[in-house]
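Report on the structure given below.
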Amino acid sequence: MSAVLVYFESVGAELTSAQQELITLADAVGEVQVVTGSTTSDAVHALALEGVHTLYTGEGEIHAPDPAVIDLLETAVQETRAHAVLARNTADTTDALARLAVRLDTGLITDGVGLSHDLRVTKSVLAGSYTTTARVAEGRPLIATMKPNSTEPHLVPGGAPEIVTLPVTAAAAEQLRVLERTPLEASDRPSLTEARCVVAGGRGLDGDFGPLEELADELGAAIGASRAATDAGWIDHAAQVGQTGVTVSPQLYISAGISGAIQQRAGMQTAQTIVAINKDEDAPVFEIADFGVVGDLFEVVPQMVEELRRRRS
Amino acid sequence: MPDAAAGTPLHIITLVKSVPDAQLERRFTEERHIDRSEGVLGELDEYPLETALRIKETAEEREIRVTALTMGPTGASAAAKKALQIGADDAYVLTDDALAGADISATSTALRAAIERIQQVSELDAQLLVVTGMASDDGESGAVPAQLAERLGVHLLSQATSVELSEGRLVVTRTATVEQQKVSAALPAVVSVTDQANDPRYPNFKAIMAAKKKPLTELSLTSVGIGPTAVKPRAQVLTAEPRPPRHGGTVITDEGDAGVQIVDFLQKERVL
Ligand SMILES: Cc1cc2nc3c(=O)[nH]c(=O)nc-3n(C[C@H](O)[C@H](O)[C@H](O)COP(=O)(O)OP(=O)(O)OC[C@H]3O[C@@H](n4cnc5c(N)ncnc54)[C@H](O)[C@@H]3O)c2cc1C
């Protein structure tokens, strides 16, 4: 069976749900090999899964924007003769896979949500208004980035993979140097792109995410926002959902105080169920909401929280 | 300290794309290409233009030219003209039948050839800085800047939220997967900027009039020195199906119990 190379930016003690999904997708189309630029000693336990054969790393840590990431990927492809390379669709991995595709003279397909046995990639385009399937030219390896929440992870514990260190090291920092690194704010909530439920707020929150925080606590949800809310500085830019923020496809998206501009919709309209709360009955968000409430979010949201608590007890 | 690179001119080439208006219905053609027969300058391309213009305006002692380059169907020149109105010094439009349905690979190949051609004809003998948006407004892969950097053999600084030129080097703040990074790189480079980078300007009447006198040059694959086989797509779209539009469901007006009604709905839909 031919190999499928899965690229992770880093592997820690536990796989994220997006990483579990990628392994599940890869396992369905070939023999899974993992390559990463950054591991901890527990990574090998995290990857002790049936179907995962080898973990390739470089010599020392290799991170974006270091172009050695592409050397690492290229070497791993040569080593495994992979007929497909899969990774998540973050900006940094998209860059790496894009450059790898140039080196391998093959096609790149980004933001896939499905992968068939014959390596056709399904994706949603034009702000969710079309679904396309695409494949790379005959006889060339598929290079694809996949969105989280595309498949149900299905992993079976197995033996530890073999670890192979490839002769690739970080590039000399003279030409391209990282002067400062500031970790993005970590939160205890599920990550926005991977969450099964997202509670999002916009300008209508008027600076107060308190009620949404409480609702998210009750639902175990991630918190999202419109650009109006992130631009106002009420919440970190990382929470922005939409064309220039993150795209989410959760089971449930609750939108509160968001009008539903096209750029916001581009990031959430593939959610399975959408609930919208807005005091303006003409807000475009109601055109795509499965359940809409015309009302004041500062009354409706606390009542939801209270009701959820009541039913739980 | 005198600027080390002050003597060398700088050529900033900004990539702009003519895209179908997102406020109108966008569709695929029978050949399964996004219908780009009518287009506007992509919103996300206003940010790199603004970045380029600000670099030019703040580096007084250095000769800087801002060129807008677009690749697309005949109508794409409208996007290039808009870029001239916003402030680019000159513009190029790469149009060729062989580029219809270009994928990421074909696009970056053609743009590389165009950029090298523009450098040749501009007789500036300048350092190169290519500035792009974070993604196109229609294809949205965000992968063209990286492929272009790879093909040009220059540094890539993507997802920039601020861009400065300091002592001849680029200093960029960028959003990486788990961290914010401040990165410094030597030129030449490709930089992609996000919509967090600046507030793009609007052209005023004077700028619109001035743009009419600025040079706008048409390029073809032949004039940039590559043949149609070089831009054969490496990825093909096999099917493109319109998604059934999402329909609005029930909309109720809160009469004091809407919070409870939402919870009822969620329970019924089994999403709790
Ligand atoms: C290039 C570009 C990229 C963009 N990218 C994005 C993106 O990625 N994501 C994004 O979201 N936007 C994006 N935008 C911005 C987008 O166009 C809208 O401006 C933005 O989404 C509006 O945010 P909002 O809905 O929170 O604010 P508004 O449009 O002002 O809507 C606020 C809503 O809150 C309602 N409201 C007010 N008070 C209450 C209350 N007490 N209870 C209930 N409802 C209330 C109002 O009725 C209104 O509908 C982008 C724009 C551009 C130009």
Side-chain angles (χ1 to χ4, degrees), chain A residues 9 64-65 90-92 94-95 98-99 101-102 106-110 120 126-137 140 175-184 237 244 251-252 262 269 273 275 286-296 299-304 306-308 311, chain B residues 22-23 26 28 34 44 103-105 108 134 138 140-143 146-147 149-151 155-159 174-186 194-196 233-243 246 248-254 258-260 262-263 265-266 269 271:
Chain A
E9 286 176 82
T90 65
D92 281 343
T94 303
D95 287 346
R99 296 174 74 169
V102 170
T106 187
L108 168 71
I109 301 171
T110 60
R120 293 172 185 221
L126 294 179
S129 60
Y130 273 81
T131 303
T132 60
T133 53
R135 63 143 195 249
V136 300
R140 294 172 199 266
Q175 295 277 309
L176 184 70
R177 193 181 314 147
V178 180
L179 306 173
E180 275 173 39
R181 300 175 187 274
T182 320
L184 297 180
H237 171 65
T244 56
Q251 274 170 10
L252 174 63
I262 178 98
Q269 65 183 351
T273 302
V275 171
F286 290 128
E287 292 163 19
I288 56 163
D290 299 290
F291 194 82
V293 170
V294 181
D296 185 346
E299 283 167 23
V300 178
V301 173
Q303 189 180 74
M304 276 181 79
E306 206 178 296
E307 182 64 14
L308 286 165
R311 293 196 188 186
Chain B
Q23 303 295 340
R26 298 182 288 181
F28 274 76
I34 291 174
L44 295 178
D103 68 340
I104 301 162
S105 164
S108 59
M134 63 192 286
D138 53 353
E140 288 196 300
S141 77
Q147 290 215 334
E150 185 69 26
R151 292 190 197 281
H155 297 302
L156 170 70
L157 297 164
S158 64
Q159 307 295 318
R174 65 183 298 271
T175 310
T177 310
V178 294
E179 62 190 16
Q180 194 82 14
Q181 298 173 339
K182 191 169 165 187
V183 184
S184 137
T194 77
D195 62 335
Q196 304 286 301
R234 295 287 186 267
Q236 293 126 9
V237 176
L238 304 169
T239 61
E241 297 297 327
R243 235 179 125 95
R246 244 197 130 100
T250 319
V251 179
I252 60 161
T253 300
D254 183 23
V260 175
I262 294 176
V263 177
F265 170 79
L266 297 180
E269 295 284 305
V271 283

For this session: For side-chain contact (heavy atoms from CB on, under 4.5 Å), just list the numbers for A:Arg181 and B:Val178, CA-CA rounded to whole Å, side-chain angles, deciding distance to a tenth of an Å, and then say yes or no.
Result: CA-CA 10 Å; A:Arg181 300 175 187 274; B:Val178 294; over 6 Å; no
Problem set entry | Interface residue of largest heavy-atom contact number with chain B, from A:Gly295, A:Ala127, A:Ser129, under 4.5 Å | A:Ser129
Seminar exercise, completed: Cut-off 4.5 Å, heavy atoms of chain B, and the answer for A:Ile288 is both
Seminar exercise, completed: In terms of heavy-atom contacts, A:Ile109 and B:Ala235 come closest through CG1-CB, 4.3 Å
For this session: Select one option (side chain, backbone, both, neither) describing which atoms of A:Arg140 are under 4.5 Å from chain B's heavy atoms.
Result: side chain
Exercise. With respect to chain B, which residue among A:Gly128, A:Pro302, A:Ala101 yields the maximal number of heavy-atom pairs within a distance under 4.5 Å?
Worked result: A:Gly128
Seminar exercise, completed: From the list B:Leu238, B:Val183, B:Thr175, B:Asp195, the residue making the most non-hydrogen contacts under 4.5 Å with chain A is B:Leu238
For this session: Run the numbers on B:Glu140 and A:Thr110 for side-chain contact (heavy atoms from CB on, under 4.5 Å), then give the verdict.
Result: CA-CA 9 Å; B:Glu140 288 196 300; A:Thr110 60; over 6 Å; no
For this session: Under the side-chain contact (heavy atoms from CB on, under 4.5 Å) rule, what do A:Met304 and B:Leu266 come out as? Steps first, then yes or no, please.
Result: CA-CA 11 Å; A:Met304 276 181 79; B:Leu266 297 180; 4.2 Å; yes
Seminar exercise, completed: On a heavy-atom basis, the closest approach of B:Ala185 and A:Leu176 is CB-CD1, 3.5 Å
For this session: Considering only heavy atoms and a distance below 4.5 Å, find which of A:Val136, A:Val300, A:Asp290, A:Thr106 pairs most often with chain B.
Result: A:Asp290
Exercise. Distance-only, no hydrogens or angles: does the B:Gln181 side chain make a donor-acceptor pair with backbone N or O of A:Ala64 under 3.5 Å?
Worked result: yes
Problem set entry | Segment of B:Thr194 engaging chain A (4.5 angstrom heavy-atom cut-off) | neither
Problem set entry | Heavy-atom proximity to chain B below 4.5 Å, by part of A:Leu108 | both
Seminar exercise, completed: Looking only at B:Glu269, B:Gln236, B:Gln159, B:Arg151, most heavy-atom pairs under 4.5 Å shared with chain A are made by B:Gln236
Problem set entry | For chain A, the option from B:Asp103, B:Leu156, B:Ile262 that forms the most heavy-atom pairs under 4.5 Å | B:Ile262
Problem set entry | Pairs of heavy atoms under 4.5 Å with chain B: top-ranked of A:Gln303, A:Glu307, A:Glu287 | A:Gln303
For this session: Could you label the plane-to-plane angle of the A:Phe291 and B:Phe265 rings as parallel, tilted or perpendicular, counting under 30° as parallel and over 60° as perpendicular?
Result: parallel
Exercise. Which region of A:Val275, side chain (C-beta onward) or backbone (N, CA, C, O), has a non-hydrogen atom less than 4.5 Å from a non-hydrogen atom of chain B, or is it both or neither?
Worked result: side chain
Problem set entry | A:Leu126, part contacting chain B, at a heavy-atom distance under 4.5 Å | both
For this session: Against chain A, work out which of B:Val260, B:Thr253, B:Asp254 has the most heavy-atom pairs shorter than 4.5 Å and name it.
Result: B:Val260
Problem set entry | Interchain contact, A:Thr90 with chain B, by part (heavy-atom threshold 4.5 Å) | side chain
For this session: Would you mind checking which part of A:Thr182 comes under 4.5 Å of any heavy atom in chain B, side chain (CB onward), backbone (N, CA, C, O), both or neither?
Result: both
Problem set entry | Closest non-hydrogen atom pair, A:Val293 against B:Ala258 | CG1-CB, 3.5 Å
For this session: Identify which of B:Val263, B:Leu157, B:Val271 forms the greatest number of heavy-atom pairs closer than 4.5 Å to chain A.
Result: B:Val263
Problem set entry | Options A:Val178, A:Val301, A:Thr131, ranked by heavy-atom pairs under 4.5 Å with chain B, top entry | A:Thr131
Problem set entry | Beyond-backbone contact of B:Leu44 with A:Thr244, side-chain heavy atoms, under 4.5 angstrom | yes
Seminar exercise, completed: Among A:Glu299, A:Glu306, A:His237, A:Gln269, the residue with the most heavy-atom pairs under 4.5 Å to chain B is A:His237
For this session: Check B:Ser141 against A:Thr94 and note the closest heavy-atom contact, atom names and distance.
Result: O-CG2, 3.7 Å
Exercise. Nearest 0.5 Å, what's the CD-OH distance between B:Glu241 and A:Tyr130?
Worked result: 9.0 Å
Exercise. Between the side chain of A:Asp92 and the main-chain N/O of B:Thr177, is any donor-acceptor distance below 3.5 Å?
Worked result: yes
Exercise. Can you check whether A:Ala98's main-chain N or O pairs, donor with acceptor, with B:Gln147's side chain at less than 3.5 Å?
Worked result: yes
